[in-house]
Amino acid sequence: MVNFTVLAGGYTSYIASYMFNSETNNLTYLNQYITGGNPSWIISHPTNKSILYAANENVPAGALQSFTVGPEGALTLVDTAYSGGSSPPYCGGLSTGQVAIVNYGSGTARVIPTTTDLLHFSINDSTIVTFPVPTTGTQGASEPHMVYQYGEELLIPDKGSDKIWRLGQNGSPGDFSVHGQIAQPIGSGPRHIQIYENQLYTIHELASTLTLQDFPAYPNSSTALISNVSTVPHYQPAGSSFAAAEVLIPLPTAEFPTPYIYTSNRNIGVQDPRGDTIAIFEKVDNQLVLRNQVYTGLNQIRGMMHGQQAGEGGDAYIVAAGFAGTAGVKVYKRTEGGANLEEVAVNTELPTRTSFVWLKQ
């Protein structure tokens, strides 16, 4: 038997904790820990799972918070820093000991150094990067939505500019600037990305598409799209309106040798009674092929996360929740080698959640 702790952020003033028992398939609500307002995105430090970072998605001033993680996911707040703008939807710890955060409400980003304990922020050593106002597209403003470390670069998908910005460190920690960009289809709204085997997978919120391209070497502005597919289900209720949100690529294992791609659909219009779907794709001969549309009963799946981050045994599971509605948090087991999902646990004590971290107990 393996027990997992699942931490869950949301539009509240706390982070919730759950226990998932993989033998009995029970998801039990454990506790909640007070945070700043709206910790909509939470993420573990990349090498130290006893450290958690949270983005407080507040207007007009967002924040970055650090926590220590104890038994059963018990959180202790350590430090808080200004995010450098408004409405930060994402933060992430870097391999260098710095923490990056983006602000879609103000079109800015910030990389904040930490002290040797990785918990205390050194904001005086951090500059704020402001992205250009777009001259094309439909948003009329820069809306960065994620930060992804790849080698020495930071990649930031900008939904408003239809670009993925490439940031580099200028010298001292905290001093970053834009040194390139990867162009995306105009009006597509790139939101989140994954890179696997030096290929770039991008989920586009405005177009509800998943694209594949070779990762361009610096300073190339782009490479041709190899594949561009819709994520939305074939049946769309009258009045529906889709906005794709998340993309996951769990690494291959002996049990799951194929690196399937999982994307979340958000129907922000008239709901299908079966709820939103998780679309599962496979790359075949450099083309993205849809393998399944899994109806979840969830309303507006903004966040989902695979359990591989918890270590052995976790790679069999994905947790997801809706931004709206009352369906709560659900755990899915990967079946058919990962080409399908089966709902195995649900907890409705909290109606909505927006991001997750898996930990092994």
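Index from 1, following the sequence. Just the heavy atoms: all of them, side chains too, but no hydrogens, waters or symmetry mates, feed the values below.
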Establish, for the pair Arg334 and Phe256, whether the NZ or CZ atom is under 6.0 angstrom from the six-membered ring centre and no further than 45 degrees off its axis.
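Yes, Arg334 and Phe256 form such a contact.
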
Main-chain N/O of [Y] paired with [X] side-chain donor or acceptor, under 3.5 Å:
{"X": "Lys330", "Y": "Thr296", "answer": "yes"}
{"X": "Gln309", "Y": "Trp358", "answer": "yes"}
{"X": "Arg291", "Y": "Ile280", "answer": "no"}
{"X": "Thr202", "Y": "Thr211", "answer": "no"}
{"X": "Asp285", "Y": "Gln287", "answer": "no"}
{"X": "Gln169", "Y": "Gly171", "answer": "yes"}
{"X": "Tyr196", "Y": "Tyr201", "answer": "no"}
{"X": "Ser22", "Y": "Val2", "answer": "yes"}
{"X": "Ser208", "Y": "Val232", "answer": "no"}

Ignoring hydrogens, what is the shortest heavy-atom contact between [X] and [Y]? Give both atom names and the distance.
{"X": "Gly269", "Y": "Asn267", "value": "N-OD1, 2.9 Å"}
{"X": "Pro157", "Y": "Ile193", "value": "CG-CG2, 3.7 Å"}
{"X": "Leu27", "Y": "Ala345", "value": "CB-CB, 3.9 Å"}
{"X": "Asn170", "Y": "Phe176", "value": "ND2-C, 3.7 Å"}
{"X": "Ser355", "Y": "Trp41", "value": "OG-CA, 3.3 Å"}
{"X": "Cys91", "Y": "Ala54", "value": "SG-C, 3.8 Å"}

Hey, quick one: are [X] and [Y] part of the same hydrophobic cluster, counting side-chain heavy atoms closer than 4.5 Å, chains of contacts allowed?
{"X": "Ile42", "Y": "Val329", "answer": "no"}
{"X": "Tyr14", "Y": "Val6", "answer": "yes"}
{"X": "Leu200", "Y": "Leu167", "answer": "yes"}
{"X": "Val357", "Y": "Val247", "answer": "no"}
{"X": "Leu359", "Y": "Val319", "answer": "no"}

Would you please test Thr263 and Phe281 for side-chain contact (heavy atoms from CB on, under 4.5 Å) and show each step?
CA-CA 8 Å; Thr263 66; Phe281 294 90; 3.7 Å; yes

For Glu57, is there an ion pair with Arg302 - N to carboxylate O distance below 4.0 angstrom?
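Counted as a salt bridge, because a side-chain N and a carboxylate O are separated by less than 4.0 Å.
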
Residues Lys333 and Glu342 bridged, charged N to O under 4.0 Å
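No, Lys333 and Glu342 are not salt-bridged.
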
Supply the atom-to-atom distance [X] [atom1] to [Y] [atom2], rounded to the nearest 0.5 angstrom.
{"X": "Ile128", "Y": "Ser106", "atom1": "CD1", "atom2": "OG", "answer": "8.0 Å"}
{"X": "Thr231", "Y": "Asn265", "atom1": "OG1", "atom2": "CG", "answer": "4.0 Å"}
{"X": "Ile164", "Y": "Ser222", "atom1": "CD1", "atom2": "OG", "answer": "8.0 Å"}

Start with the C-alpha distance between Arg110 and Tyr82, add both sets of side-chain angles, then the distance that settles side-chain contact (heavy atoms from CB on, under 4.5 Å), and finish with yes or no.
CA-CA 9 Å; Arg110 194 176 196 184; Tyr82 172 50; 3.8 Å; yes

Tell me, with the steps shown, if Asn58 and Asn38 meet side chain to side chain donor-acceptor pair (under 3.5 Å).
CA-CA 7 Å; Asn58 295 327; Asn38 301 313; 3.0 Å; yes

What I want to check is whether the side chains of [X] and [Y] have a donor and an acceptor closer together than 3.5 Å.
{"X": "Asp175", "Y": "Ser172", "value": "no"}
{"X": "Asn26", "Y": "Thr28", "value": "no"}
{"X": "Ser83", "Y": "Asn103", "value": "yes"}
{"X": "Thr114", "Y": "His120", "value": "no"}
{"X": "Asn340", "Y": "Thr335", "value": "no"}
{"X": "Gln199", "Y": "Lys283", "value": "yes"}
{"X": "Glu72", "Y": "Ser17", "value": "no"}
{"X": "Asp315", "Y": "Thr253", "value": "yes"}
{"X": "Thr96", "Y": "Gln98", "value": "yes"}
{"X": "Asp162", "Y": "Gln184", "value": "no"}
{"X": "Ser50", "Y": "Asn48", "value": "yes"}
{"X": "Ser177", "Y": "His179", "value": "no"}
{"X": "Ser142", "Y": "Asp158", "value": "yes"}
{"X": "Thr277", "Y": "Arg266", "value": "no"}

Does Gln361 CD have over 12 foreign heavy atoms under 6.0 Å away?
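Check passes, neighbour count above 12.
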
ring-ring contact (aromatic ring centres under 6.0 Å, His included) assessment of Phe20 paired with Tyr317:
CA-CA 10 Å; Phe20 173 59; Tyr317 301 99; 4.9 Å; yes

Any side-chain heavy-atom pair from Ile195 and Tyr148 closer than 4.5 angstrom?
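Yes. Closest side-chain heavy atoms under 4.5 Å.
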
So Tyr11 and Phe323, side-chain contact (heavy atoms from CB on, under 4.5 Å) or not? Walk me through it.
CA-CA 9 Å; Tyr11 288 107; Phe323 160 77; 3.4 Å; yes

List the steps and the verdict of side chain to side chain donor-acceptor pair (under 3.5 Å) for Asn299 and Gln271.
CA-CA 7 Å; Asn299 186 340; Gln271 284 287 302; 3.3 Å; yes

Arg353 vs Thr12, test: side chain to side chain donor-acceptor pair (under 3.5 Å). Steps then yes/no.
CA-CA 9 Å; Arg353 292 283 87 190; Thr12 54; 3.1 Å; yes

Near-ring test Tyr90/Tyr104, centroid separation under 6.0 angstrom:
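Distance test on ring centres: not under 6.0 Å, no.
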
So that I know where these two stand, are Tyr18 and Tyr29 an aromatic pair - ring centroids less than 6.0 Å apart?
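Yes; Tyr29 has its ring centre under 6.0 Å from that of Tyr18.
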
Apply ring pair (Phe, Tyr, Trp, His ring centres under 6.0 Å) to His306 and list each qualifying residue two or more places apart in sequence or on a separate chain.
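In terms of ring pair (Phe, Tyr, Trp, His ring centres under 6.0 Å), with neighbours along the sequence ignored, His306 is linked to no residue.
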
Step by step, work out the side-chain contact (heavy atoms from CB on, under 4.5 Å) result for Leu154 and Leu94.
CA-CA 9 Å; Leu154 300 184; Leu94 309 181; 3.8 Å; yes

Given Phe215 and Tyr150, is the ring-ring contact (aromatic ring centres under 6.0 Å, His included) satisfied, shown in steps?
CA-CA 10 Å; Phe215 186 77; Tyr150 190 58; 4.9 Å; yes

From the options His192, Glu205, His145, His204, select the one residue that forms a side chain to side chain donor-acceptor pair (under 3.5 Å) with Lys159.
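The residue from His192, Glu205, His145, His204 that satisfies side chain to side chain donor-acceptor pair (under 3.5 Å) with Lys159 turns out to be Glu205.
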
